[in-house]
Amino acid sequence: VNDLILAALGNVLARATAPARAHGAKRHLALGAAVSLRSAAPEALAHCFGVFLGNWVTLLRRPDGGLPALLSAIAVQTRAEKSAQRAAVSQLGYSLLGLMSRWGSIRHDGQWYEKVYRISGSLSNVRASTEWFGRAGQHIREYYLVSPPGPAMPLVVASATLDDQLNLCL
């Protein structure tokens, strides 16, 4: 589901940004993906409170290639990211961005991110189960994930599955 939604997002963004990408050096698209770090943690985090997220960036070198080609390219990158478990390294990147921000070399506005930390869109995906909620799970009908965009992420697609039902939010 993750790769398919990223491919659809990339396909839509490729069409929307085609005129801007036709001229100049910025012909590629970059899509971010939020990733749970719980499965890669050295200890079980099932009962730990906190946000254990990392991310990776998928680079679409040929964003105009069509949906099947995008899906294939994204699947290759996803497999590589998962096997190397590089998503946890993104925490170091956030720490460095925080330090740079304190030193004044980063402006937190859309222009800076568009030029330096260029990501066209992002995906946050959660697979939920009514079993997670114990007896209360029988009363839960839908599960929505709301991910706010910001200066680094101008567009976020949030997908959530509850058992076998998929919900999408922009």
Q.
Would a single hydrophobic cluster contain both Leu29 and Val12, if residues Ile, Leu, Val, Met, Phe, Trp and Tyr are joined by side-chain heavy-atom contacts under 4.5 Å?
A. no
(Q) Going by side chain to side chain donor-acceptor pair (under 3.5 Å), name the residues that satisfy it together with Asn2, two or more places apart in sequence or in a different chain. (A) none
Q | Any residue meeting side chain to side chain donor-acceptor pair (under 3.5 Å) with Ser72, in chain and number order, not counting sequence neighbours | A | none
Q) Can Leu168 be reached from Ile74 by stepping across I, L, V, M, F, W or Y side chains whose heavy atoms are under 4.5 Å apart? A) yes
(Q) Can you give me the closest heavy-atom contact between Asp3 and Ala75, atom names plus distance? (A) OD2-CA, 3.5 Å
Q) Hey, any chance Leu6 and Val76 share a hydrophobic cluster, counting ILVMFWY side chains that come within less than 4.5 Å of each other, even indirectly? A) no
Would you list the atom pairs, donor with acceptor, under 3.5 Å between side chains in residues 57-70 and any protein atom, with sequence neighbours excluded?
residue: Asp64; atom: OD1; partner: Arg21; partner atom: NH2; Å: 2.8
residue: Asp64; atom: OD2; partner: Arg21; partner atom: NH1; Å: 3.3
residue: Asp64; atom: OD2; partner: Arg21; partner atom: NH2; Å: 3.4

Q | Whichever hydrophobic residues join Leu145 through chains of side-chain contacts under 4.5 Å | A | Val126, Trp132, Phe133, Ile140, Tyr143, Leu162
Q: Give a yes or no on this: more than 12 heavy atoms of other residues, nucleotides or ligands lie within 6.0 Å of atom CD of Gln138.
A: yes
Q.
To check you understand the geometry: which heavy-atom pair defines the closest contact between Arg141 and Gln165, and what is its length?
A. O-OE1, 3.3 Å
Q | Hydrophobic cluster of Tyr144, others only, ordered by chain and residue number, side-chain cut-off 4.5 Å | A | none
**Q.** Shortest non-hydrogen contact between Pro19 and Ala16, atoms and distance
**A.** CD-O, 4.2 Å
Q | Residue list, side-chain contact (heavy atoms from CB on, under 4.5 Å) with Leu4, at least two apart or on another chain | A | Leu71
